[in-house]
Amino acid sequence: MPSQRVEISDVAVSPDHFIGGRRVTSELTFEVRSPLDWDWKLADVARGDALTADLAVSAAVKAFDGWSSLSAEERARFLHRLADLIDDNIDDLAVVECVDMAMLLESLQKRVIHRGAENLRNYADLAAGHEPRRWSSKGTDNVVQRMPAGPAVIITPWNAPWLLSTWKVAPALAAGNTVILKPAEWAPLSGSLLADLAAEAGFPPGVLNIVQGMGDEVGAALVADQRVRRISFTGSPETARHIGVSAARNIVPFTAELGGKGPFIVFADSDLDAAAKKAAGQYDDSGQVCLAGTRLLVEESVSDEFVGLFDKHTDAHVLGDSRNPSTTISPLIHPDHLARVEGFVDRAREAGETIMRGGDRWRQDGLWYEPTLIRPRHNDAEVVQREIFGPVLTYQTFSTEDEAISLANSTRYGLSGIVYTGSRERAERVGSSVRAGTVWVNTFLVRDLTAPFGGCRMSGIGREGGDYALDFHSDLKTVQISQGSVD
Ligand code: NAD
């Protein structure tokens, strides 16, 4: 029996799983609260277990033959219908995502929810436009084709649930795989709305399944299932290790988009005010952004001027309720996460690092943390080397380009980097020397959806984006046809 839908800011949301085209509940539930007001309980959400995982994978297996044998154009029509429904429901999706994980409402309404629709359109068209690669060699005609791989498990984190779920679901479906999506337990509700829209778009039962619950319960059961042929994960390196063990056991390819500790390098020849403004923007979403440039590296000769400009732009931030259009910094997702962020700053203070600004909760009765800047005594300080995932940046200076690059590459991560410079030559040079999956020069977060996306070292395995994601979700096959004699 499915549970009653719950009203969340006038939007009816199902707290149940969506498996084989229908709502399925679990005996156990978990509580979801709003970071905007921790006393506000949003829902008791179904807490899946091994049986739920088995049911979902069975549904995805059953649906696979039908879905994978459609042409890419036919599948694209479903994805486009879903994209249109997303655009028709932006306000409902935005408000639920906002109260569930505290991302700014205006940004969700204007950009983020629509980007989900764009993810679907982009992959639908890319897959439909794909031509097999053909060439002749050694007396044979060669054809390289993509074959759908099978059911795919997609596991997403809490910090951008809608964006990342649609980013990962779209290529899997477009490539012809069926999907089981497990959203993060701290922000599971937009995933449930995606299921409603998929049903409305007419997706055949079992093509897109949503399973709710804890990572180490239903999540672990999903990735361990031998019938799953792809695992696409975004989250922490710790979880990636667990998933990697299951993937290895079943010989299943998996991608892992993991954390970051991006450098934000400012050269003296850059537009300092623009650089300082963008640096202060690294506090957006309370710093819960894997791509953020959290280590400010500033050329010594302009350090004082830069800090003055940075302070000016940081002072302009407004902490508050994410539904309020004037708010620029939202609360953190969860009391446990706030305590984690606080722990990093407290330990830095005890270790003798300089707290240049912030360093405390904004209010004792909420989940906000002040925008904080720390000047470490050493590059191996914990706050420099570990991902904090909160509104905490570090500040270091350098004297030469080589020193800047060396500092930039001195952590175990390699997801992103940001560089500000007035020199095109330096932009190319430093851009290619920073070891990261994406480097932005004089800009940030501009993304072409067809470009590869992913991390080096501890920041991940594999690439998503454009054809890279479609190849991941496919088994590439070479057919070689003899041009002449039959052996
Ligand atoms: P997390 O690893 O704790 O959880 C991510 C997801 O994995 C959740 O859905 C969780 O339920 C699930 N999970 C946990 N244990 C599991 C297991 N044993 N088996 C299967 N699934 C399991 O990460 P989080 O705290 O939700 O997210 C924050 C992290 O995500 C940060 O490190 C951040 O940098 C990273 N992140 C990376 C990117 C990127 O694109 N590189 C984007 C966003 C977030």
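All ligand and atom numbering here is 1-based and tracks the order in the structure. If you're wondering where the values come from, they're calculated on a predicted model, not measured in any experiment.
Side-chain atoms of Thr394 never come within 3.5 Å of backbone atoms of Val384 as a donor-acceptor pair (strictly under, hydrogens ignored). Side chain of Asn177 to backbone of Gly150: a donor-acceptor contact under 3.5 angstrom is found. Between the side chain of Ser192 and the backbone N or O of Ser14, at least one donor-acceptor pair lies under 3.5 Å.
A cation-pi contact, defined as under 6.0 Å to the ring centre and within 45° of the axis, is absent between Arg121 and Tyr123. Under a cutoff of 6.0 Å and an axis angle of 45°, Arg230 and Phe472 form a cation-pi pair.
Taking only non-hydrogen atoms, the option from Asp336, Ile388, Leu258 nearest to atom 41 (N) of ligand 1 is Leu258. When the options Tyr413, Phe389, Trp167 are ranked by their closest heavy atom to atom 33 (C) of ligand 1, first place goes to Phe389. Among Gly215, Pro183, Gly191, Pro188, the residue whose heavy atom lies nearest to atom 17 (C) of ligand 1 is Gly215. Of the candidates Val153, Leu291, Thr156, Thr239, it is Thr156 that places a heavy atom closest to atom 8 (C) of ligand 1.
Atom numbering of ligand 1 starts at 1 in the shown order; those under 4.0 Å from a heavy atom of Leu415 are 41 (N). The Gly259 neighbourhood of ligand 1 comprises atoms 32 (O), 34 (O), with distances under 4.0 Å to a heavy atom of that residue. Close contacts between ligand 1 and Leu164 involve ligand atoms 42 (C), 43 (C) [criterion: under 4.0 Å to a heavy atom]. Each of the following atoms of ligand 1 lies closer than 4.0 Å to a heavy atom of Thr234: 5 (C), 36 (N), 37 (C), 38 (C), 39 (C), 40 (O), 42 (C), 43 (C), 44 (C).
A salt bridge links Glu31 with Arg33; the closest basic N to acidic carboxylate O contact falls under 4.0 Å.
For Arg347, the CZ atom sits in a packed shell: over 12 heavy atoms of surrounding residues, nucleotides or ligands are nearer than 6.0 Å. Within a 6.0 Å radius of CZ in Arg249, other residues, nucleotides and ligands contribute 12 heavy atoms or fewer.
Within the structure, ligand 1 has Phe233 among the residues with a heavy atom less than 4.0 angstrom away. Within the structure, ligand 1 lacks Gly455 among the residues with a heavy atom less than 4.0 angstrom away.
For the residue pair Ser232 / Lys168, a side-chain donor-acceptor distance below 3.5 Å is found, with atom types taken as modelled. In summary, the side chains of Arg323 and Ser330 do not present any donor paired with an acceptor at a separation below 3.5 Å, with no hydrogens or angles considered.
Counting protein heavy atoms only, atom 44 (C) of ligand 1 is closest to Asn159 OD1, 3.2 Å. Looking at atom 20 (C) of ligand 1, its nearest protein heavy atom turns out to be Gly219 C, 3.3 Å. Protein heavy atom in closest approach to atom 27 (O) of ligand 1: Pro157 CB, 3.2 Å. With respect to atom 12 (C) of ligand 1, the closest heavy atom belonging to the protein is Ile155 CG2, 3.5 Å. In this structure, atom 38 (C) of ligand 1 lies nearest to the protein heavy atom Cys290 SG, 3.0 Å. Of all protein heavy atoms, the one lying nearest to atom 23 (O) of ligand 1 is Ser236 N, 3.5 Å.
Checking only distances, Trp158 does come within under 3.5 Å of ligand 1, N or O to N or O. Inclusion of Phe453 in the set of residues having an N or O under 3.5 Å from an N or O of ligand 1 is not warranted. The distance criterion of under 3.5 Å between nitrogen or oxygen atoms is met by Gly235 with respect to ligand 1. Remark: ligand 1 and Lys182 share an N or O pair separated by less than 3.5 Å (distance only, no angle test). Of the polar atoms of Glu387, at least one N or O is found under 3.5 Å from an N or O of ligand 1, judged by distance alone. Polar contact check, Glu185 against ligand 1: a nitrogen or oxygen pair lies under 3.5 Å apart.
Taking the six-membered ring for Trp and the full ring otherwise, the centers of Trp38 and His334 sit less than 6.0 Å from each other.
Taking the six-membered ring where the residue is Trp, Trp158 and Trp186 present tilted rings, their angle falling between 30° and 60°.
Tyr420 pairs by the ring pair (Phe, Tyr, Trp, His ring centres under 6.0 Å) definition with Phe264, not counting sequence neighbours.
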